[in-house]
Chemist: 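Starting off with a structure, shown below.
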Amino acid sequence: MRSPSDPEAGPASHTVGRGTGTPRQLLRSLLSPSALTGGMTELALVGAHVLMYPLGARAEPLRVDPRCRPGEQPPGVRALFGADPLAARVPVVLVHGLIDNHSIFAVMRRSLRRRGFTSVCSWNYSPFLSDVARGAADLGEHLQRVCERIGHERVHVVGHSLGGLLARYHVQRQGGDRHVETLVTLGTPHGGSVLAHLLPTPLVRQLRPGSAVLRELAEPAPDVRTPVTAIYSDLDQVVVPTGAGRCDHPDLRARNVLVRGVGHTSLPFHRGVLDEVATTLAGVRRDPAVGLAPAAVA
């Protein structure tokens, strides 16, 4: 794996299913140079994030960056929104994962603003949240406030880990597709995680494979309009098996993007992931049938 700041370190979409391989293949992949490098990067970022965590305890005020004017942006930024210049004005809401806060998006928030998105904010939900549906409803109320504050009818949502599941539940089960333009999830346990069996709290039990919440999300959803891009990693230490980070639902416009050698905490910091998020929100990769080679579409 290249470092998180390497501009050539991009994610790879694929069509492979959830096969886990033989134990020997799994051991070989875990001991590969990219996996070892990714593991060390993950440890370093976890340590840095622990130091940043107190800075994210307070709610982030919502504001529009007055410096972000389309005519004054560098050529690269203007090219990003060439197909849809108004996409830069759609608010972006970042939603963190379990036992976390908006400090996890310190790099992504700055990156999206630098790339031309005028309204980027994060949302902290209660650390005592005990139910996915309740958290999804709270998110919906926050998104409505964002729309009213910015004067936009729709927003983009990027969710890391549990944050992505809250956003998907809101979009799929609570009518959130009315105001969510695009949903991007990072390391979200769409298929649950076997590690959720280690902590028997009400919320974590809902993240177990086959839980009532995940069965509910597997039900038909023929009218959902929001496209979903699920970015997941083959080195995710939290979503186990790692293929559970895919969003596989026949009724959703879902795109699955695999990144290799990137840990769970590292996803919101990785340069390739930042590029993928920006191009997806800008509309460059919104439709799985446009702009990608057939072999790159999940």
Side-chain angles (χ1 to χ4, degrees), residues 1-18 34-35 38 41-42 45 92-98 100 104-105 107-109 111-112 115 117 120 122 156-168 171 180-193 217 226-249 252-288 291-293 295-298:
M1 185 198 79
R2 298 180 176 90
S3 69
S5 60
D6 189 339
E8 297 181 358
S13 300
H14 73 153
T15 57
V16 179
R18 292 184 175 176
S34 62
T41 302
E42 176 78 356
L45 284 175
V92 181
V93 178
L94 310 175
V95 187
H96 63 80
L98 184 66
D100 210 340
I104 192 71
F105 294 116
V107 172
M108 179 173 289
R109 184 166 49 245
S111 172
L112 290 175
R115 292 165 194 249
F117 291 92
V120 183
S122 306
H156 296 307
V157 179
V158 180
H160 179 235
S161 195
L162 175 62
L165 200 65
L166 297 180
R168 178 185 168 190
V171 164
V180 177
E181 181 77 13
T182 308
L183 170 59
V184 180
T185 67
L186 313 176
T188 289
H190 292 285
S193 175
L217 288 174
T226 302
V228 179
T229 294
I231 301 176
Y232 69 109
S233 171
D234 62 349
L235 193 66
D236 198 310
Q237 303 89 354
V238 175
V239 181
V240 180
T242 57
R246 295 170 55 92
C247 181
D248 292 315
H249 192 294
L252 298 182
R253 295 168 53 197
R255 211 175 129 256
N256 294 294
V257 181
L258 171 67
V259 291
R260 299 187 182 278
V262 183
H264 187 77
T265 301
S266 303
L267 283 167
F269 298 91
H270 190 267
R271 175 62 182 271
V273 173
L274 298 177
D275 289 342
E276 187 68 27
V277 170
T279 53
T280 299
L281 299 186
V284 177
R285 298 179 180 173
R286 184 175 304 165
D287 191 337
L292 290 174
V297 181

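Since we're looking at a predicted model, the values are computed, not measured.
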Chemist: If you look at every heavy atom in S161 and G97, which pair is closest and at what distance?
Modeler: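 Smallest interatomic distance, heavy atoms only, reads CB-CA, 4.0 Å.
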
Chemist: I'd like to know if E276 and R271 make a salt bridge, using a cut-off of under 4.0 Å between side-chain N and carboxylate O.
Modeler: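 Salt bridge between E276 and R271, a charged N being under 4.0 Å from a carboxylate O: no.
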
Chemist: Say whether, by atom type as modelled, one donor and one acceptor occur between the side chain of Q237 and the main chain of G263 under 3.5 angstrom.
Modeler: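 No; judged by distance alone, with no hydrogens or angles, the pair does not exist.
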
Chemist: Holding to side-chain contact (heavy atoms from CB on, under 4.5 Å), I want the full list of residues that pass it with S111, two or more places apart in sequence or in another chain.
Modeler: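 side-chain contact (heavy atoms from CB on, under 4.5 Å) list for S111, sorted by chain: R114, R115, L274.
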
Chemist: For the backbone of L235 and the side chain of R260, can you confirm whether one donor and one acceptor N or O come within less than 3.5 Å of each other?
Modeler: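 Side chain of R260 to backbone of L235: no pair is present.
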
Chemist: Tell me whether D236 contacts the main-chain N or O of G245 through its side chain, where contact means a donor paired with an acceptor under 3.5 Å.
Modeler: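 No.
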
Chemist: Exactly one of L267, V277, V120, V92 should register a side-chain contact (heavy atoms from CB on, under 4.5 Å) with M108. Which one does?
Modeler: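 It is V277; the other options fail the test.
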
Chemist: Please determine whether side-chain contact (heavy atoms from CB on, under 4.5 Å) holds for the pair C247 and R168, giving the CA-CA distance in whole Å, both sets of side-chain angles, and the decisive distance to 0.1 Å.
Modeler: CA-CA 10 Å; C247 181; R168 178 185 168 190; 4.0 Å; yes

Chemist: Using a 3.5 Å distance criterion without hydrogens, assess whether the side chain of N256 forms a donor-acceptor pair with backbone atoms of R246.
Modeler: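 No: the side chain of N256 does not pair with the backbone of R246.
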
Chemist: With a 3.5 Å distance limit and no angle check, can you tell me whether H160 reaches the backbone of H264 through a side-chain donor-acceptor pair?
Modeler: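 Yes, H160 side chain to H264 backbone: donor-acceptor pair under 3.5 Å.
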
Chemist: Tell me whether S193 contacts the main-chain N or O of V238 through its side chain, where contact means a donor paired with an acceptor under 3.5 Å.
Modeler: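 It does hold such a pair.
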
Chemist: Are any non-hydrogen side-chain atoms of V184 and V157 less than 4.5 angstrom apart?
Modeler: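 V184 vs V157: side chains apart.
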
Chemist: Counting N and O atoms only, with roles assigned by atom type, does the side chain of T226 sit under 3.5 Å from a partner on the main chain of V180, one being a donor and the other an acceptor?
Modeler: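 The answer is yes, because a donor-acceptor pair under 3.5 Å joins these two groups.
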
Chemist: Taking side-chain contact (heavy atoms from CB on, under 4.5 Å) as the test, write out the residues that go with T188, two or more places apart.
Modeler: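 Counting only residues at least two positions away or on another chain, T188 forms a side-chain contact (heavy atoms from CB on, under 4.5 Å) with L165, T185, H190.
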
Chemist: Once you round to the nearest 0.5 Å, how far does CD1 of I104 lie from CZ of R109?
Modeler: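 Going from the CD1 atom of I104 to the CZ atom of R109 covers 10.5 Å.
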
Chemist: Going by heavy atoms in the side chains, are Y232 and V239 under 4.5 Å from each other?
Modeler: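 Not touching, per the 4.5 Å side-chain cut-off.
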
